[in-house]
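Reviewing the structure listed below.
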Amino acid sequence: MAERKYDLGSAELEVLRVLWDEGPATVREVMNILHRQGRQVAYTTVLTFLTRLEQKGFVGSDKSDVAYIYKPKLSRDRVQKSRLRSLVHQLYDGAPGPLVLQLVRQGKLSGSEIAELQALIERLDAKKK
């Protein structure tokens, strides 16, 4: 079965992040959280994004009450993996190594991230032997 591609605009992703971080919410709750994050968006704009996200299969809604409650249908991990695979194919011809090297060279990694990266490298080396 082919891997599903999860295409999202940046504003849609921002709304979806609210649901991932805060859990199920109404349109007004999502809008208020975005306002607290410094993103001034209208109620109707948030409603449009949630409607699009629902049509694309990213969120579901409970319509049993006056205010619909929206919740993510796909995990953050699943969407991240799909989008990362797409990025690797677009920019690195499907080879993840150059992306990893570029991220390590340019990024600042915490001590725990370095330790995790070292452990991953050791596991990969052990598999090759």
Side-chain angles (χ1 to χ4, degrees):
M1 182 164 76
E3 174 73 22
R4 181 171 172 198
K5 190 174 177 185
Y6 298 112
D7 289 325
L8 289 168
S10 60
E12 291 173 326
L13 185 57
E14 193 174 5
V15 169
L16 187 54
R17 272 193 200 113
V18 169
L19 297 177
W20 283 330
D21 293 342
E22 304 294 330
T26 64
V27 175
R28 187 161 307 283
E29 290 168 338
V30 171
M31 180 192 71
N32 288 336
I33 291 165
L34 290 170
H35 285 181
R36 285 196 302 271
Q37 294 174 350
R39 179 88 156 84
Q40 297 304 311
V41 291
Y43 178 94
T44 53
T45 302
V46 175
L47 176 61
T48 298
F49 288 136
L50 286 166
T51 301
R52 281 187 200 159
L53 288 166
E54 188 170 28
Q55 290 169 345
K56 291 179 177 184
F58 288 95
V59 302
S61 62
D62 176 357
K63 299 178 175 157
S64 63
D65 206 351
V66 175
Y68 296 177
I69 307 282
Y70 292 88
K71 64 181 178 183
K73 288 176 72 176
L74 299 174
S75 70
R76 182 188 309 250
D77 185 60
R78 187 170 176 185
V79 173
Q80 286 174 336
K81 284 179 181 176
S82 174
R83 293 193 65 179
L84 188 55
R85 260 191 298 279
S86 178
L87 178 71
V88 167
H89 284 288
Q90 287 176 334
L91 297 179
Y92 298 95
D93 297 323
L99 171 62
V100 172
L101 291 171
Q102 184 170 352
L103 290 172
V104 170
R105 284 182 189 127
Q106 293 181 358
K108 295 184 184 216
L109 301 175
S110 69
S112 64
E113 290 168 332
I114 291 169
E116 186 175 352
L117 186 56
Q118 285 174 327
L120 287 169
I121 291 169
E122 288 170 8
R123 281 200 300 270
L124 289 171
D125 279 343
K127 284 182 182 179
K128 288 183 179 182
K129 293 179 181 176

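Everything numeric here is computed off the predicted structure, so don't read it as measured data.
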Are Leu16 and Tyr70 close enough that some pair of their side-chain heavy atoms sits under 4.5 Å apart?
no

Excluding sequence neighbours, so at least two apart, what forms side-chain hydrogen bond (donor to acceptor under 3.5 Å, both in side chains) with Gln80?
none

With sequence neighbours excluded, give me every salt bridge (Lys or Arg N to Asp or Glu O under 4.0 Å) pair touching residues 97-126.
none

By the rule that ILVMFWY residues connect when side-chain heavy atoms come within less than 4.5 angstrom, directly or transitively, which residues belong alongside Leu120?
none

Applying side-chain hydrogen bond (donor to acceptor under 3.5 Å, both in side chains) to Asp93 and not counting sequence neighbours gives none

Thr26: which residues meet the side-chain contact (heavy atoms from CB on, under 4.5 Å) condition with it, sequence neighbours left out?
Arg28, Glu29, Ala67, Ile69

Quick one: list whatever passes side-chain contact (heavy atoms from CB on, under 4.5 Å) with Pro98, sequence neighbours left out.
Tyr92, Ala95

Could you work out, with side-chain contact (heavy atoms from CB on, under 4.5 Å) as the rule, every residue matching Ser10, not counting sequence neighbours?
none

Got a sec, which residues hit side-chain contact (heavy atoms from CB on, under 4.5 Å) with Lys63, two or more places apart in sequence or on another chain?
Glu54, Ser61, Tyr68

Tell me the side chain to side chain donor-acceptor pair (under 3.5 Å) pairs involving residues 31-47, sequence neighbours left out?
Glu14-Arg39

For Ala25 and Val30 the tightest heavy-atom approach is CB-CG2, 3.8 Å

When you measure from the side chain of Ser82 to the backbone N and O of Arg78, does any donor-acceptor pair fall under 3.5 Å?
no

Side-chain heavy atoms nearer than 4.5 Å, only ILVMFWY residues, links allowed to pass through others: does that put Val100 and Ile114 together?
yes

All pairs passing side chain to side chain donor-acceptor pair (under 3.5 Å) where residues 16-25 contributes a residue, at least two apart:
Asp21-Arg76

Less than 4.5 Å apart, any side-chain heavy atom of Leu99 and any of Leu84?
yes

Please write out which residues are connected to Leu124 in a hydrophobic cluster, directly or through intermediates, given that two of Ile, Leu, Val, Met, Phe, Trp, Tyr count as joined at side-chain heavy-atom separations below 4.5 angstrom.
none

Among the clusters formed by ILVMFWY side chains lying less than 4.5 Å apart, do Leu87 and Leu103 turn up in the same one?
yes

If I compare all heavy atoms of Val41 with all of Met31, which pair ends up nearest, and what's the gap?
O-CG, 3.6 Å

Are the side chains of Leu8 and Phe58 in contact, using a 4.5 Å heavy-atom criterion?
yes

Restricting to side-chain hydrogen bond (donor to acceptor under 3.5 Å, both in side chains), what partner residues turn up for Ser75, sequence neighbours left out?
none

